[in-house]
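Atoms considered below: every heavy atom in the structure, side chains included; atoms not considered: hydrogens, waters and symmetry mates.
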Amino acid sequence: MLKVVLVTGISGSGKSVALRMLEDASYTCVDNLPVRFLAEFIANARDSGLERVAVAIDVRSPGELAELPDVVTALRAMGTSLRVIFLDASTITLVQRYSESRRRHPLTDRLKRGGTAPSLAECIAEERELLAPLREQEHVIDTSDLTPGQLRAWIRDLIQADVAPLVLTFESFAYKRGVPRDADLVFDVRCLPNPYYDRDLRPLTGRDEPVAQWLAGFDQVGQMVDDIAGFIKRWLPQYTQDTRNYLTVAIGCTGGQHRSVYVVEQLAKRFADHDPLLVRHRNQLPDESA
């Protein structure tokens, strides 16, 4: 069966990086395909005997983005194996990336009024509005604090996961860098004892055995893991029945290095029998604070 990956999202969020990774994974890739040609392209790819194709569609397709959610729904109804990856990032991050690349936002000319060009922030806000319907129903990856290497790894893990059943992702993050935009459920574990204040544990992460043993010694840590696991186990069937394809559970502590990483690893063990299961750590490297 032909596998199709559609990469979309906010301009500057990493679509080029994702598309190059898919190309390296032997996908036949097409960038900036107009929405009206998507069904035809997939049909031709199937007739040509291709097994894997990837398409990037974004705001550069004028006047057609509003039709994309319906096109995706129709293609899936016809039995097409179609995975949509929506890349996003915070406005601050996007502004910084545009400043570094010195590129113009693709909506700049389209939003001109009386010869006056809109600000970058206005372009980003308009783009979010245009893409909001698609973002609400597909898998979102927040690339705000991801390196290109991390994004490539996350895309690779995602395309290797089966389309069904629901893809369950546990993700640790640092509150000092903001809550990830891709989170469906967020749990705050900053109330737990902090290994950062132990000088021997400070340079380690929640995946290291000394930190794991230290945290396991506190009853409240185990109770927190039990409560989060119980909540997910109780409500996971409901999320699945909601025809949802993805559920991202984000666990946050101050620096994303010790407590959140440990809790994510423990939850991954509790749900090891769920397939597909993904584990992500945004900020597990040693940092100046945790």
* Take L33 and L38, measure what side chain to side chain contact (heavy atoms under 4.5 Å, CB included) needs, and give me the verdict at the end. => CA-CA 7 Å; L33 183 73; L38 179 59; 4.1 Å; yes
* For S11 and R97, test the side chains for any donor-to-acceptor distance below 3.5 angstrom and give the result as yes or no. => no
* Side-chain donor-acceptor contact under 3.5 Å, H281 with E171 ->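 There is no such pair (donor and acceptor under 3.5 Å, judged by atom type) between the side chains of H281 and E171.
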Think [X] forms a cation-pi with [Y], using NZ or CZ under 6.0 Å from the six-ring centre and within 45 degrees of its axis?
X    : Y    : value
R202 : Y196 : yes
K233 : F271 : yes
R280 : F170 : no

Answer whether the closest heavy-atom distance between the side chains of [X] and [Y] falls below 4.5 Å.
X    : Y    : result
P193 : W214 : yes
H274 : L166 : yes
Y239 : I232 : no
H139 : F86  : no
T205 : V211 : no
K15  : I85  : no
R135 : R181 : yes
I159 : Y27  : yes

Heavy-atom count check: over 12 atoms from other residues, nucleotides or ligands less than 6.0 Å from [X] [atom1]?
X    : atom1 : result
E129 : CD    : no
R128 : CZ    : yes
I92  : CD1   : no

* For A216, check side chain to side chain contact (heavy atoms under 4.5 Å, CB included) against everything at least two apart and list the hits. =>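 Per chain and number, A216 pairs via side chain to side chain contact (heavy atoms under 4.5 Å, CB included) with Y262.
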Same cluster (ILVMFWY, side-chain, under 4.5 Å), [X] and [Y]:
X    : Y    : result
F173 : V279 : no
V186 : V140 : no
V263 : V179 : no
F187 : Y175 : no

Just by modelled atom types, is the [Y] backbone N or O under 3.5 Å from a matching donor or acceptor in the [X] side chain?
X    : Y    : answer
S99  : V95  : no
D58  : T8   : no
K176 : G256 : no
Q150 : T147 : yes
S81  : K3   : no
N283 : A174 : yes
R156 : M21  : no

* To do: Could you give me the CA-CA distance, side-chain angles and deciding distance for V55 and V5, then say whether side chain to side chain contact (heavy atoms under 4.5 Å, CB included) is met?
  => CA-CA 6 Å; V55 180; V5 175; over 6 Å; no
Specify the closest pair of heavy atoms between [X] and [Y], including all atoms of both residues, with the distance to one decimal.
X    : Y    : value
Q257 : P203 : NE2-C, 3.9 Å
L131 : G9   : CD1-O, 3.2 Å
V53  : A45  : CG1-CB, 3.8 Å
A54  : L19  : CB-CD1, 4.3 Å
V59  : P106 : CG1-CG, 3.6 Å
A18  : L87  : CB-CD1, 4.0 Å

* Asked: In a check of side chain to side chain contact (heavy atoms under 4.5 Å, CB included) between T248 and each of I141, T169, V167, which one passes?
  -> T169
* Applying side chain to side chain contact (heavy atoms under 4.5 Å, CB included), run through L192 and V189 and close with a yes or a no. => CA-CA 6 Å; L192 299 180; V189 299; 3.8 Å; yes
* Asked: Is D182 salt-bridged to R282, going by a charged N under 4.0 Å from an acidic O?
  ->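 Yes, charged N to carboxylate O under 4.0 Å.
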* To do: State plainly whether the residues R104 and D109 are in salt-bridge range, i.e. N to O under 4.0 Å.
  =>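 So R104 pairs with D109 through a salt bridge.
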* To do: Tell me whether the centres of the aromatic rings in H105 and Y98 are closer together than 6.0 Å.
  =>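 When the ring centroids of H105 and Y98 are compared, they turn out to be within the sub-6.0 Å range.
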* To do: Determine, step by step, whether V72 and V84 satisfy the side chain to side chain contact (heavy atoms under 4.5 Å, CB included) criterion, reporting the C-alpha distance in whole Å, the side-chain angles of both residues, the deciding distance to 0.1 Å, and the verdict.
  => CA-CA 9 Å; V72 169; V84 180; 4.1 Å; yes
Approximate separation, where rounding is to 0.5 Å, of [X] [atom1] and [Y] [atom2]:
X    : Y    : atom1 : atom2 : value
I57  : N32  : CD1   : CG    : 9.0 Å
T28  : E23  : OG1   : CD    : 8.5 Å
L146 : S144 : CG    : OG    : 8.0 Å
I124 : E126 : CD1   : CD    : 12.0 Å
Y246 : R83  : OH    : CZ    : 4.0 Å
L75  : T80  : CG    : OG1   : 5.0 Å

Do any side-chain atoms of residues 217-227 form donor-acceptor pairs under 3.5 angstrom with protein atoms, and if so which ones, sequence neighbours left out?
unit_1, atom_1, unit_2, atom_2, d
D226, OD1, R270, NH1, 3.1
D226, OD1, R270, NH2, 2.7

Tell me which donor-acceptor pairs under 3.5 Å the side chains of residues 111-120 have, and how far apart each pair is, sequence neighbours excluded?
unit_1, atom_1, unit_2, atom_2, d
R113, NH1, L111, O, 3.3
S119, OG, E122, N, 3.1
S119, OG, E122, OE1, 3.4

